[in-house]
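Remarks on the structure that follows.
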Amino acid sequence: DGGITQSPKYLFRKEGQNVTLSCEQNLNHDAMYWYRQDPGQGLRLIYYSQIVNDFQKGDIAEGYSVSREKKESFPLTVTSAQKNPTAFYLCASINGGALTEAFFGQGTRLTVV
Amino acid sequence: AQSVTQLDSQVPVFEEAPVELRCNYSSSVSVYLFWYVQYPNQGLQLLLKYLSGSTLVKGINGFEAEFNKSQTSFHLRKPSVHISDTAEYFCAVVKGGGSNYKLTFGKGTLLTVNP
């Protein structure tokens with residue numbers, strides 16, 4: 001079945017360490033997105049990518065980095081520069097040409113201690 | 001820049017009552033609009049979408065929404081809610097007509113259905 005896979009579901013890291021969250025899709029979608037979700041804040045866009053080897057900053061890109069070397073993969077690195085990294089992270093993809101809907105992964109809950 | 005405003009952060013309602021969750025957007029160009037539902041600790045599931053055509057859109061689980069261009073609104077409605085509808089609901093917008101697929105969400109509305 002086609003879909004988006006985020007891994008791991010739960011992740012714990014010590015403060016000051018970089019951590020990479022995985023997002024893979026087999027939907028052949030062009031565009032992929034990373035969102036951060038905090039209580040009462042909704043989904044805030046971190047980065048998005050419309051094609052391979054290209055990506056744009058979203059509204060809260062500081063302290064994060066991404067790559068898009070393959071169409072199906074869009075990993076997110078939370079760096080030590082991110083001041084408050086503990087959050088729920090959601091990855092999504094969308095078929096840009098048809099623009100039907102965005103499909104979401106099940107999320108990764110990152111806790112930094 | 002496009003933005004989405006969900007006017008109510010929480011909506012409590014009794015079972016079998018009607019409900020309306022409000023969403024307004026701002027954009028100077030045509031848009032595509034979506035409503036998503038999120039259950040605790042899960043991803044988002046599409047309820048319905050407006051891309052073009054009829055302004056009244058029907059979705060899953062008995063939900064519907066009406067696109068009103070003059071009021072820049074896309075309110076979500078259900079005539080009779082169930083306990084199982086308790087969840088968080090998000091309105092989202094994508095600017096239409098171009099190649100920029102920036103998908104922007106509102107802050108969400110927590111719908112709580114009480115017995």
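Reminder, nothing fancy here: chain letters follow the sequence lines and each chain counts from 1.
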| request: Determine, using the 4.5 Å side-chain heavy-atom cutoff (strictly less than), whether Ile94(A) and Leu90(A) are members of one ILVMFWY cluster. | output: yes

- Query: Under a single-linkage definition using a 4.5 Å side-chain heavy-atom cutoff for Ile, Leu, Val, Met, Phe, Trp and Tyr, are Trp34(A) and Tyr36(B) assigned to the same hydrophobic cluster?
  - Reply: no

> Is the NZ atom of Lys58(B) crowded by more than 12 outside heavy atoms at less than 6.0 Å?
Replying inline: no

One should read off an interatomic distance between Phe104(A) CZ and Gln38(B) CD, to the nearest 0.5 angstrom, of 8.5 Å

Under 4.5 Å to a heavy atom of chain A? For Gln6(B) that would be neither

For residues 106-115 of chain B against chain A, heavy atoms under 4.5 Å, the residues are Gly106(B), Lys107(B)

Any link between Leu76(B) and Val11(B) through a network of hydrophobic side chains (Ile, Leu, Val, Met, Phe, Trp, Tyr) touching at under 4.5 Å?
yes

Checking heavy-atom separations under 4.5 Å from chain B, one finds in residues 35-46 of chain A Tyr35(A), Gln37(A), Gly40(A), Gln41(A), Gly42(A), Leu43(A), Leu45(A)

For residues 59-68 of chain A against chain B, heavy atoms under 4.5 Å, the residues are Asp59(A)

For Gln42(B), the side chain to side chain contact (heavy atoms under 4.5 Å, CB included) test, sequence neighbours excluded, returns Gln106(A), Tyr39(B)

Next on the checklist: Do Leu110(A) and Phe88(A) sit in one hydrophobic cluster, given that two such residues count as connected whenever their side-chain heavy atoms are within less than 4.5 Å of each other, even indirectly?
Outcome noted: no

Applying a strict under-4.5 Å side-chain criterion to I, L, V, M, F, W and Y, I'd like to know whether Leu48(B) and Ile60(B) cluster together. yes

On a heavy-atom basis, the closest approach of Ala102(A) and Leu103(B) is CB-CD2, 3.5 Å

